[in-house]
Amino acid sequence: MEKLKDADVREVLLEKLQVKHGEEPDTLIINEMGVCLGQSRVDIAVVNGVIHGYEIKSESDTLSRLPTQMLDYNKVFDKVTIVTADDYLEKVKEMIPDWWGIIVVTNKKGQARMKYAKRGRKNPSQDPYSLVQLLWRDEVLTLLKEKGLHQGILSKPKNVLYERLVEKIPMVELKQLVNQTLKSREGWRVHE
């Protein structure tokens, strides 16, 4: 029997997320969202009241990149769920933080079947600087101007703009601003 590939698992996961969130006008489903300035790329992100990352590890994948991805995802996402092949379940459980969710994928005659092994919880320690790095330069400038925090830094590099946001805006508000900005952004590779 042929091994399931990332694309097979992604298709089924997207269908499930579309069923769950398709009727919610305030929800965005994003394919391949870069985090930590592109250092890692989560397979699927769902942006609504929270930013939820889904990382796929199919039968055809390896777990070699998971430690780096995990560090990056822990900085950014409110919730993370790993969608893993049954073969990797025990190893994945040893690797991931206890707040991550786990969906197990089994191969039923070439079809991906999914079920929750564990529901995830909220991330206990996001990094505000990594979170604001999800924003594009023009988005950061818009937020700084709206908050009256733009004086003297409009022509500065992005890292200075990010630092200003993080220094001046509390994390709870930052999360809301990033969430709203991502949902209103044009030009995503969004799943239709």
- Salt bridge between K5 and D61, side-chain N to carboxylate O under 4.0 Å? no
- So CD1 of I44 and CG of L13: to nearest 0.5 Å the spacing works out to 4.0 Å
- Where the side chain of Y162 meets the backbone of L135, is there a donor-acceptor pair that is under 3.5 Å apart? yes
- Query: Taking side chain as C-beta onward, heavy atoms only, is V104 less than 4.5 Å from M114?
  - Reply: no
- Message: Please identify which of these residues, K183, K145, R185, meets the salt bridge (charged side-chain N to carboxylate O under 4.0 Å, His left out) condition with E139.
- Response: R185
- How would you list, by chain and number, every residue that makes a side chain to side chain contact (heavy atoms under 4.5 Å, CB included) with E146, sequence neighbours excluded? T142, L143
- Task: Among V160, L161, I153, find the residue that satisfies the side-chain contact (heavy atoms from CB on, under 4.5 Å) test when tested with P157.
- Result: V160
- Atom pair NZ/CG of K156 and L141 - distance to nearest 0.5 Å: 13.0 Å
- Message: Hydrophobic cluster membership, with links at side-chain heavy-atom distances under 4.5 Å among I/L/V/M/F/W/Y: are V50 and V47 in one?
- Response: no
- Item | For D127, all residues meeting side chain to side chain contact (heavy atoms under 4.5 Å, CB included), sequence neighbours excluded | K75, Y129, S130
- Message: Let me check something: do L37 and M33 share a hydrophobic cluster, defined by ILVMFWY side-chain heavy atoms less than 4.5 Å apart, either directly or through other members?
- Response: yes
- Is atom CZ of R137 surrounded by more than 12 heavy atoms (other residues, nucleotides or ligands) closer than 6.0 Å? yes
- Would you name the heavy atoms of P97 and M70 that are closest together and state the gap between them? CD-SD, 3.6 Å
- Message: Checking D8 now: which residues fulfil salt bridge (Lys or Arg N to Asp or Glu O under 4.0 Å) with it, not counting sequence neighbours?
- Response: none
- Task: Please name all residues satisfying salt bridge (Lys or Arg N to Asp or Glu O under 4.0 Å) with D43, sequence neighbours left out, ordered by chain then number.
- Result: R10
- Report the residues that fulfil salt bridge (Lys or Arg N to Asp or Glu O under 4.0 Å) with D138, sequence neighbours left out, ordered by chain and then residue number. none
- Task: Would you indicate whether E23, at its atom CD, is surrounded by more than 12 heavy atoms from other residues, nucleotides or ligands within a distance under 6.0 Å?
- Result: no
- Task: Among residues two or more places apart or on two chains, list those pairs meeting ring-ring contact (aromatic ring centres under 6.0 Å, His included) that have a residue in residues 36-59.
- Result: H52-Y54
- Item | Under 3.5 Å: donor-acceptor pair, side chain of E59, backbone of A85 | no
- Message: Against I51, only a single residue in V80, V46, N179 fulfils side-chain contact (heavy atoms from CB on, under 4.5 Å); can you say which?
- Response: N179
- Residue pairs involving residues 9-31 (criterion ring-ring contact (aromatic ring centres under 6.0 Å, His included); sequence neighbours excluded): none
- ring-ring contact (aromatic ring centres under 6.0 Å, His included) pairs, two or more places apart, involving residues 30-49: none
- Check the hydrophobic clustering (I, L, V, M, F, W, Y; side-chain heavy atoms under 4.5 Å; chains of links allowed) and say if I96 and L71 are grouped together. no
- Query: Is there a donor-acceptor pair closer than 3.5 Å between any side-chain N or O of N123 and the backbone N or O of N74?
  - Reply: yes
- Is a side-chain donor-acceptor pair under 3.5 Å present for K158 with Q133? no
- Ignoring hydrogens and geometry, is there a side-chain-to-backbone donor-acceptor pair from Y73 to R41 under 3.5 Å? yes
- Charged N to carboxylate O below 4.0 Å: is that the case for E55 and K57? yes
- Message: Suppose the criterion is ring-ring contact (aromatic ring centres under 6.0 Å, His included): which pairs have a residue in residues 80-104, not counting sequence neighbours?
- Response: none
- Any L14 side-chain heavy atom under 4.5 Å of I29 side chain: yes
- Task: Could you tell me which residues satisfy side chain to side chain contact (heavy atoms under 4.5 Å, CB included) with Q39, sequence neighbours excluded, listed by chain and number?
- Result: C36, T68, D72
- Task: List the steps, then state whether side chain to side chain contact (heavy atoms under 4.5 Å, CB included) holds for L131 with V166.
- Result: CA-CA 9 Å; L131 181 65; V166 170; over 6 Å; no
- Message: Return the CG to CD distance between D78 and Q126, rounded to the nearest 0.5 Å.
- Response: 4.5 Å
- Query: How far does OG1 of T106 sit from CG of D87, to the nearest 0.5 angstrom?
  - Reply: 10.5 Å
- For residues 110-120, pull every pair meeting side chain to side chain donor-acceptor pair (under 3.5 Å), keeping only residues two or more places apart or in separate chains. none
- Task: Applying side chain to side chain contact (heavy atoms under 4.5 Å, CB included), name anything that partners L149, two or more places apart in sequence or on another chain.
- Result: L144, K147, R164, K168, I169
- Message: Test of understanding: clusters of I, L, V, M, F, W, Y form through side-chain heavy atoms closer than 4.5 Å, transitively. Do M95 and F77 belong to the same one?
- Response: yes
- Query: Any sub-3.5 Å donor-acceptor pair from T27's side-chain atoms to N48's backbone N or O?
  - Reply: no
- Can you get from L165 to L154 by hopping between Ile, Leu, Val, Met, Phe, Trp and Tyr side chains that sit under 4.5 Å apart? yes
- Non-hydrogen atoms of V105 and A112 that approach each other most closely: CG1-CB, 3.9 Å
- Query: Nearest 0.5 Å, what's the CZ-OG distance between R65 and S40?
  - Reply: 7.5 Å
- L177 backbone acceptor or donor facing Q180 side chain under 3.5 Å: no
- Flag the pair V140 / V132 as yes when at least one side-chain heavy-atom distance between them is below 4.5 Å, and no otherwise. no
